[in-house]
Amino acid sequence: MSRRNTIAGEAGLRPAAGSTRRAGSAAGAGGAGSARSAGSAGGARGAVSAGGAGAPRVPRGPAGPAGAGAGSRGGAAARPPRKVVALGNLQVPDSLAGRLFLLCCDSERQRLVGRGKVGKVLRAAVLVDLQLAGNLVDDDGGRARVTTVPAPTDPVLAGVLEEMRAVGPRRWRHWVERRPGATVRRVRDELDRARLIKVEPHRILGIIPADRITIRHPLMRRQLLQAAHDTLRASRLVSRVDLREASIVVLASTADLRTIVTKEQRIRHKDRLAQLAVRVGPVVPALKKALQQAQSSAGG
């Protein structure tokens, strides 16, 4: 009996021993896991505190925007953000005459440059606009003829087109030379109404009436000028250049308006300007002849 009891006692103790071992293993595993978790957390805290000590070392340079936060001391000041100028709801004039008027404005002197030429240039711009819109075509006799295409909504273009329809076909030069001063005033008034320019009447020397013209949004003028100059880049095929933008540099170059196309640009891009002039059409030679005639008349 004592032997059986001893065996039974030993048998009864074995599960307890296994349970103890399993519990110990579990406890050990839990402890190790806790240690690993604690070690990981501590490592993470250490990495954050030490600025990523485990990462590859990078040579230190001058403190930049990344190290110039609110909590940094002795670091360089953060670089100020770039200024962005927005035009809001303003729209660039759709007509070539309106764009050329802005480009002919001298911001410092607050007046138009080349005032003896601007009127004819604006007339030529109106004719190019009407031709590109399909309202005018060049007939076999070198005359401008009005088509049946509906009139444009721009009041300056519509007024010139109505005038041409009433008179009938005439040579392009005739229309370039016709009422240039009235065209300048109409384009000016439209830009003033759109609040793109500010017009202040005054008198030069207290006698001669004139207008003081201020461009309200100089950025718009710079954008127009840049778009026009881009047509002169050799990397752009002449056949792919937008005709409206090309017309600006061609007309300005023909009239020698140096606020738009400088003398150096005219010389450097002489061949390209000639190629663009062919694409613009018959208005360009008509403008050239009209300006030459005015110059010879003034000189004679």
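Values reported hereafter were calculated over all heavy atoms of this structure, with side chains retained and with hydrogens, waters and symmetry mates removed.
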Here's a test for you: under side chain to side chain donor-acceptor pair (under 3.5 Å), which of Gln110, Arg188, His202, Arg185 qualifies with Asp211? Arg188
Can you check whether Leu157 reaches Leu130 side chain to side chain, under 4.5 Å on heavy atoms? yes
Does this structure show an ion pair linking Lys263 with Asp256, if we count only N-O contacts that are shorter than 4.0 Å? no
Gln293 and Ser297: side-chain donor and acceptor closer than 3.5 Å? yes
For the pair Arg221 (side chain) and Leu102 (backbone), establish whether a donor and an acceptor sit closer than 3.5 Å, ignoring hydrogens and angles. yes
Do the side chains of Asp138 and Arg145 get close enough for a salt bridge, i.e. N-O under 4.0 angstrom? no
If only side-chain N and O atoms count, and only distance matters, is there a donor-acceptor pair under 3.5 Å linking Gln226 with Asp230? yes
Closer than 4.0 angstrom, basic N to acidic O: yes or no for Arg186 and Glu190? no
I'd like to check Leu251 versus Leu100 (side-chain heavy atoms, cut-off strictly below 4.5 Å). Are they in contact? yes
Is there a side-chain contact between Leu127 and Val176 in this structure, where contact means two heavy atoms from C-beta onward sitting under 4.5 Å apart? yes
So do Ser95 and Val156 actually touch side chain to side chain, heavy atoms under 4.5 Å? no
Here the pair of heavy atoms bringing Ala255 nearest to Val121 is CB-CG2, 3.4 Å
